[in-house]
Amino acid sequence: MIFIEMDGYFQQVIIYGKYCNLYELKQMYAQVLQETTTMQEQIAVFCTLHHFSVIPFVENRKVHYVIDMDIEHIYIPIY
């Protein structure tokens, strides 16, 4: 399992699903960007296309990756 924080100005969620590496995640997100126009759509489409689920956001939850939806950047957080 992998945990990913999707961070936007108006919304933060944590999603989880099958493990993928950073390169695969970037490809998955690029596909979502081509099919959506809003951040709200991005989360729903990402989860639907790639079989992820949303869990309640917890401030200190450790995640494998962060998707900054404001600047369309994906990175590995440093704890």
Side-chain angles (χ1 to χ4, degrees):
M1 292 302 258
I2 188 170
F3 290 91
I4 301 168
E5 178 182 337
M6 296 188 83
D7 181 25
Y9 184 74
F10 293 108
Q11 185 172 19
Q12 287 179 300
V13 299
I14 296 177
I15 59 173
Y16 73 95
K18 183 180 173 193
Y19 182 80
C20 59
N21 64 37
L22 185 59
Y23 176 77
E24 293 167 330
L25 180 58
K26 287 181 178 183
Q27 288 183 318
M28 292 161 59
Y29 189 60
Q31 179 184 11
V32 169
L33 289 175
Q34 291 176 349
E35 298 183 21
T36 59
T37 56
T38 67
M39 285 184 205
Q40 199 68 348
E41 289 177 330
Q42 290 176 12
I43 295 166
V45 170
F46 189 97
C47 289
T48 301
L49 285 177
H50 304 294
H51 309 289
F52 276 69
S53 299
V54 176
I55 60 174
F57 181 80
V58 176
E59 186 76 29
N60 296 323
R61 181 182 298 270
K62 293 193 178 198
V63 296
H64 297 92
Y65 301 108
V66 175
I67 299 175
D68 186 327
M69 296 185 295
D70 295 320
I71 60 171
E72 298 176 357
H73 179 68
I74 301 172
Y75 62 93
I76 300 169
I78 299 173
Y79 294 103

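Side-chain atoms of Y29 and Q42 form a donor-acceptor pair, as typed in the model, at a separation below 3.5 Å.
The six-membered or imidazole ring of F52 lies near that of F46, with a centre-to-centre distance under 6.0 Å.
Atom CG of L25 is separated from atom NE2 of H50 by 8.5 Å, given to the nearest 0.5 angstrom. We find the CE-OH distance between M1 and Y16 to be 5.0 Å, quoted to the nearest 0.5 Å. The structure places OG1 of T48 at 10.5 Å from CD of E35, a figure rounded to the nearest 0.5 Å. Note that CD1 of I4 is 7.5 Å distant from CE of M6, once rounded to the nearest 0.5 Å. The structure places CD1 of I67 at 5.5 Å from CD1 of I15, a figure rounded to the nearest 0.5 Å. Rounding to the nearest 0.5 angstrom, the gap separating the CG atom in D68 from the CD atom in E5 is 9.0 Å.
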Next item on the list: Check the pair F3, R61 against side-chain contact (heavy atoms from CB on, under 4.5 Å), reporting the backbone distance first and the verdict last.
Entry: CA-CA 9 Å; F3 290 91; R61 181 182 298 270; 4.3 Å; yes
Next item on the list: Take K18 and H51 through the side-chain contact (heavy atoms from CB on, under 4.5 Å) test and state the conclusion after the steps.
Entry: CA-CA 8 Å; K18 183 180 173 193; H51 309 289; over 6 Å; no
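Within the 3.5 Å criterion, the main-chain N or O of C20 finds no donor-acceptor partner in the side chain of E24.
V66 is connected to I55 through a chain of hydrophobic side-chain contacts under 4.5 Å among Ile, Leu, Val, Met, Phe, Trp and Tyr, so both are in one cluster. Linking Ile, Leu, Val, Met, Phe, Trp and Tyr whenever their side-chain heavy atoms come within less than 4.5 Å leaves I2 and I14 in two separate clusters. By the rule that hydrophobic residues join a cluster once side-chain heavy atoms approach within less than 4.5 Å of another member, F57 and Y75 end up as members of one cluster.
Annotation for M39 and D70: closest pair CE-OD1, 2.8 Å, computed over non-hydrogen atoms. Nearest approach of I76 to H64, heavy atoms of both residues: CG2-O, 3.8 Å. Across all their heavy atoms, P77 and Y65 have their closest contact at CD-CA, 3.9 Å. In terms of heavy-atom proximity, G8 sits nearest to M69 at N-CE, 3.8 Å. Of all heavy-atom pairs between V54 and C47, the closest is CG2-SG, 3.8 Å.
Q31 has its side chain within reach of L49: a pair of non-hydrogen atoms, C-beta onward, lies under 4.5 Å apart. Looking at heavy atoms from C-beta onward, Y79 lies in side-chain contact with V63 at the 4.5 angstrom threshold.
Atom CD1 of I78 is surrounded by 12 or fewer heavy atoms from other residues, nucleotides or ligands within 6.0 Å.
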